[in-house]
Amino acid sequence: MRLARIASFVHKWLALLVGVQIIFWVVSGLFFTLIPIEQIRSEHLIRPSAPQTLSTAALGPLDAIRGPSGASPTKLTLEQRANGPVVIAEFADGPPALYDGATLQRLSPLDADEARAIAAAHVTLSAPPQAATLVTANTPEYGGPVPAWRVQFAEGGLAVYVAQNTGAVTARRSDVWRLYDALWALHIMDWENHEDFNHPLIIIVTAITLLSVIAGVILIPYRIRFGRMRER
């Protein structure tokens, strides 16, 4: 019976100490299993694009592409976009740049109207974007390449991020994603950056929860025996 008293004491007080966090774990875990990750990422809103054959025959002279100090690019990527082929050039001495695939005219940095057009072509929403805001630093909502345009839509609070230097859509954030992110922060107990799930606090709380569960398991045979005695 001494073991039962110790287990009861440990189980009761440790469960009281971590009870709120256990509720957060269960609620957030249930949400993660109920909502498909494709919906969280707004993949169902991406406008489908037909496969197209890219050809380098129509490209201009690539040796005309130079970095800020006149150096050649370290990498060139040819992509098909809604308005035609583009070339993304990466440089060792500066940020990447976007060029028209036919004329090799530099297109970046993109302005707000160009970012709105790219975002509108990326999704299937019928309503046009409401606003475009330039983001120059990473936030809990967005950790991609900066600077980037945050193009806001009305439906579902959707925000599409468009990299200013490359014109690439780097992220989609909706109200469902923000709820997911908030629950994820509660789940891993990282309320600032929403990324670190190996910090000391969650390790300590998890260890305490484990001790409480073990104490509860130890109590099971004693509770069953006590219940049978009461029935008799």
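Counting begins at 1 with the first residue of the sequence.
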How long is the gap from [atom1] on [X] to [atom2] on [Y], to the nearest 0.5 Å?
X	Y	atom1	atom2	value
Phe153	Leu125	CZ	CG	6.0 Å
Ile88	Thr77	CD1	OG1	6.0 Å
Phe31	Leu183	CZ	CG	6.0 Å
Ile188	Glu195	CD1	CD	8.0 Å
Leu134	Asp111	CG	CG	11.0 Å
Leu201	Ile204	CG	CD1	6.5 Å

Subject >> Test log, rule side-chain contact (heavy atoms from CB on, under 4.5 Å), inputs Leu76 and Tyr99 >> reply: CA-CA 10 Å; Leu76 293 175; Tyr99 294 85; over 6 Å; no
**OP:** Write down the atom of Ile40, the atom of Ser174, and the distance for their closest heavy-atom approach.
**Re:** O-OG, 4.3 Å
Subject >> Shortest non-hydrogen separation from Ala163 to Thr170 and the atoms involved >> reply: CB-CG2, 4.0 Å
In the structure I gave you, are the side-chain heavy atoms of [X] and [Y] within less than 4.5 Å of one another anywhere?
X	Y	answer
Phe32	Ile37	no
Leu211	Ile208	no
Thr209	Val205	yes
Glu79	Pro85	no
Asp190	His199	yes
Asp113	Trp149	no
Asp100	Val86	no
Ile65	Pro73	yes

For the pair [X] (side chain) and [Y] (backbone), establish whether a donor and an acceptor sit closer than 3.5 Å, ignoring hydrogens and angles.
X	Y	answer
Asp175	Leu158	no
Thr33	Leu30	yes
Ser108	Asn165	yes
Gln164	Pro109	no
Gln152	Gly157	yes

Original post:
Hey, which of Arg178, Arg172, Arg173 is the one that makes salt bridge (Lys or Arg N to Asp or Glu O under 4.0 Å) with Glu141?
Top reply: Arg178
Using the rule that Ile, Leu, Val, Met, Phe, Trp and Tyr join whenever any side-chain heavy atoms are under 4.5 Å apart, tell me whether [X] and [Y] fall into a single cluster.
X	Y	answer
Trp177	Val162	no
Val27	Tyr180	no
Trp25	Ile203	yes
Ile46	Val160	no
Val151	Leu45	yes

**OP:** Let me see the working for Gln21 and Met189 under side-chain contact (heavy atoms from CB on, under 4.5 Å), right down to the final yes or no.
**Re:** CA-CA 9 Å; Gln21 183 58 42; Met189 303 180 70; 3.6 Å; yes
**OP:** Report, as yes or no, whether the 6.0 Å neighbourhood of atom CD on Gln130 holds more than 12 heavy atoms from other residues, nucleotides or ligands.
**Re:** yes
Subject >> Gln105, CD: over 12 other non-hydrogen atoms inside 6.0 angstrom >> reply: no
Original post:
Mind checking whether Phe197 and His187 have ring centres under 6.0 Å apart?
Top reply: no
Subject >> Check ion pair Arg116-Glu114 (N to O, under 4.0 angstrom) >> reply: no
**OP:** Go through the steps to decide whether Arg47 and Val123 satisfy the test side-chain contact (heavy atoms from CB on, under 4.5 Å), and finish with yes or no.
**Re:** CA-CA 5 Å; Arg47 188 184 301 277; Val123 296; 5.7 Å; no
Subject >> By ring-ring contact (aromatic ring centres under 6.0 Å, His included) - contacts of Tyr161 (at least two apart) >> reply: Tyr142
